[in-house]
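Please read all numbers here as calculations on a predicted model, not as lab measurements. So you know, we letter chains A, B, ... as the sequences are listed, proteins then strands, and number each from 1.
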Amino acid sequence: MALEIYNTLTRKKELFTPLEPGYVGMYVCGPTVYSDVHLGNCRTFISFDIIYRYLKYLNYKVRYVRNITDAGHLEGDRDEGDDKFSKMARAQKIEPMEIVQRYTLGFRDVMQLFNTLPPSIEPTATGHISEQIAMTQTIIDNGYAYEKNGTIYFDVEKYNAEKPYGILTNRKLEDLLEGTRDLDGQDEKKGRLDFALWIKAKPEHLMQWPSPWGMGFPGWHIECSAMSSKYLGKQFDLHGGGMDLAATHHTNEIAQNEACFHKSPAQIWMHTNMLTVNGTRMSKSLGNGFLPHELFTGAHALLDKAYSPMTVKFFMLQTHYRSTLDFSNDALQASEKGLKRLWEAYENLQKMQYTLGEINVEIEEKTATLIHGFDESMDDDFNTAKVLANMFEIVPIINSIKDGLMPIGSISQNTFALLQTKMKSYLEDVFGLIPAQESNNNNLANVMELLIDIRKEAKLKKDFATSDKIRNQLSNIGIVVKDEKDGSVSWNIG
RNA sequence: GGUCCUUUAGCCGAGUGGUUAGGCAAAGCUCUGCAAAAGCUUCUACAGCGGUUCGAAUCCGCUAGGGACCUCCA
């Protein structure tokens, strides 16, 4: 089987064939750094991180570009709108770039907590002003944009006469025109759907740059066109982002690229679905967002307790990226327990030594099929949920071997070796899961060894009062002691 | 109003027309000094109505919920 990816453009799964064999160019619309990223934002970037990792796992050489939007795009479509960064800066009396810096670093910290890989290139809008101006100029030269009082608008109706503007989300121009609401400050534009490529700045705007049309700043959509074409070429393989970007931002990106280069930028458009809370989309404007740190500390009205970044990531992996995912305390709780069970089995698996035995054909075949299902599921539009389901079916096999209920030789040496390597590849390399915070403190390990030793002596003397006291009190402070079937004692935090 | 998506057991959620997805919770049993963990077993659902088909959760139509986009938002 080969990788198939759902393409928003064609509304079906397509066989993935890179433009250059062996190489993949992938662009993902990154965050706007004027406030903290919330969990919904994180979901998208975590999803694309898994996709990036899986492409690497398939031995593609991937250039992954994810931008940082740090130059003001307008609030709403109002020409009078304020640059978001300038607005914030005035309120807090600090430089716009201070805000950008703070939230950029915050974003990277959060992404690191989720153990996502940094993109190959993380370009900023403010770092590519000249590219955006050049692209705007070409679009004007090609006749698809016009100037009005220092602002450049893209002429959607003219473009649509030649190419279908609403192609990405399957909409007709007439329908789009009908749906447009009346907003203030529309008079400058020729068409109601026209959007700004470059916006004239007022003197008080803090972020503005010189251009052939006077001082101004770029429209929101042009940055992604400029940066994707610069780093990935006029045509590349994958373009991704949240589903909310498809109708406007990505639609405009396609129009800009077509108007500039006469080419549609990406072969495949991928869109991740929204994270919801009580069935409603988590969004900045609704103010129902969870911030990552609220989750990690449990400081949120809807949460009973804190959840680790890996629990949250695992929770996301149990759903397909194109499905909405509803966020709730119960669901997180279930994920936390599930991940713990899976991870313990995984760690035990890695410690096992194989010895030959009589192969149980049924178990052998089942195990092999489940392992091969990992790749098959991921090849089917990155079905991480199915991979995890397969893993959970393998867990009882691993645990039975560990507890001596089944000889390790019940499965063949090849299958066992494959199991060890595939579980590692998937859990650590593709999913990027890392063990729960392990204590680096040697003292703790030494103290635990001592306590376990004392407890063992107590048990030998049938002094269960003492042995239970040790176990119970450790449990109270969050350390779980387990008597294993082979007589050994294990412990872990949480 | 327009364009779409969605509705799966107590909860969360996969799902290629014909075979028990999976997780969590719950119940029973086994193991254990007692626990915990683990193993085994049980709980077999697809909004409603109609149609296509030998056969539909899966395809088609209608109805009813829910949601997204059409305005900044991953």
Hunt down the Watson-Crick or G-U wobble partner of [N], both distances under 3.5 Å, from any strand shown, or write none.
| N | value |
| --- | --- |
| B:rG22 | B:rC12 |
| B:rA68 | B:rU3 |
| B:rC59 | B:rG51 |
| B:rU44 | none |

Checking contacts here: which listed nucleotide ([options]) is nearest the side-chain heavy atoms of [X]?
| X | options | answer |
| --- | --- | --- |
| A:Lys482 | B:rA37, B:rA38, B:rC11 | B:rA37 |
| A:Asp175 | B:rU3, B:rA37, B:rG23 | B:rU3 |
| A:Met274 | B:rC34, B:rA74, B:rG23 | B:rA74 |
| A:Lys337 | B:rA25, B:rC40, B:rG23 | B:rA25 |
| A:Asn399 | B:rC24, B:rA38, B:rA74 | B:rA38 |
| A:Ala247 | B:rA38, B:rC70, B:rA74 | B:rC70 |
| A:Phe45 | B:rA14, B:rA74, B:rC34 | B:rA74 |
| A:Thr44 | B:rA74, B:rC12, B:rA38 | B:rA74 |
| A:Met282 | B:rG13, B:rA74, B:rA14 | B:rA74 |
| A:Leu325 | B:rA14, B:rC40, B:rG13 | B:rG13 |

Are [X] and [Y] close enough that their ring centers fall under 6.0 Å?
| X | Y | value |
| --- | --- | --- |
| A:Phe296 | A:Phe114 | yes |
| A:Tyr34 | A:Tyr103 | no |
| A:Phe315 | A:Phe327 | yes |

Quick check on [N]: is either OP1 or OP2 less than 4.0 Å from any side-chain nitrogen or oxygen of [X]?
| X | N | value |
| --- | --- | --- |
| A:Thr169 | B:rC70 | no |
| A:Asn383 | B:rA14 | no |
| A:Arg171 | B:rC4 | no |
| A:Thr324 | B:rA68 | no |
| A:Arg192 | B:rC70 | no |
| A:Ser475 | B:rA35 | no |

Is there a donor N/O on one and an acceptor N/O on the other, under 3.5 Å, for the side chain of [X] and the base of [N]?
| X | N | value |
| --- | --- | --- |
| A:Lys485 | B:rA37 | yes |
| A:Arg471 | B:rC34 | yes |
| A:Arg43 | B:rA74 | no |

Remember a base hit wins even if backbone is also touched, and classify [X] as base, sugar-phosphate or nothing at under 4.0 Å, heavy atoms.
| X | answer |
| --- | --- |
| A:Ser283 | base |
| A:His38 | base |
| A:Val37 | nothing |
| A:Leu275 | base |
| A:Gly30 | sugar-phosphate |
| A:Ser323 | sugar-phosphate |
| A:Thr248 | sugar-phosphate |
| A:Ser467 | base |
| A:Met391 | nothing |
| A:Glu484 | nothing |
| A:Gly279 | sugar-phosphate |

Checklist entry - A:Tyr307 has an atom OH; how far is it from atom C1' of B:rC12, in whole Å? => result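 Roughly 13 Å, once rounded to whole Å.
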Work out how far the [atom1] atom of [N] is from that of [M], and round it to whole angstrom.
| N | M | atom1 | answer |
| --- | --- | --- | --- |
| B:rU63 | B:rC12 | P | 28 Å |
| B:rC5 | B:rC11 | P | 26 Å |
| B:rA37 | B:rA25 | P | 9 Å |
| B:rC31 | B:rG15 | C1' | 36 Å |
| B:rG48 | B:rG10 | P | 14 Å |
| B:rG18 | B:rU53 | C1' | 11 Å |

Checklist entry - Do we see A:Phe464 stacking on the base of B:rG33, given a limit of 5.5 Å between centres and 30° between planes? => result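 Base of B:rG33: stacked against A:Phe464.
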Checklist entry - Between A:His239 and A:Tyr27, how do the two ring planes meet: parallel, tilted or perpendicular, split at 30° and 60°? => result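 Rings of A:His239 and A:Tyr27: tilted, 30 to 60°.
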Checklist entry - Once the angle between the rings of A:Tyr346 and A:Trp343 is folded into 0 to 90°, is it parallel (under 30°), tilted (30 to 60°) or perpendicular (over 60°)? => result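 A:Tyr346 vs A:Trp343 ring planes: perpendicular.
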Checklist entry - Is A:Lys190 paired with A:Glu157 through a side-chain N to carboxylate O contact shorter than 4.0 Å? => result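 So A:Glu157 does not pair with A:Lys190 through a salt bridge.
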Item to check | NZ/NE/NH1/NH2 to OD/OE distance under 4.0 Å, A:Lys305 and A:Glu336 | outcome: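 Yes, this pair counts.
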Checklist entry - So, do A:Tyr426 and A:Tyr54 sit near enough that their side-chain heavy atoms are less than 4.5 Å apart? => result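 A:Tyr426 reaches A:Tyr54 side chain to side chain.
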Item to check | Pairwise 5' ranking along RNA chain B for A:Asp244 and A:Asp468, keeping only the more 5' one | outcome: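 Upstream on the strand: A:Asp468.
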Next on the checklist: Need to verify one output field. Residue with the more 5' nearest nucleotide on RNA chain B, A:Arg455 or A:Asn273?
Outcome noted: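 Final value for this comparison: A:Arg455.
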Item to check | Side-chain H-bond candidate by donor/acceptor type, A:Glu364 with A:Ser410, under 3.5 Å | outcome: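 No, no side-chain donor-acceptor contact under 3.5 Å.
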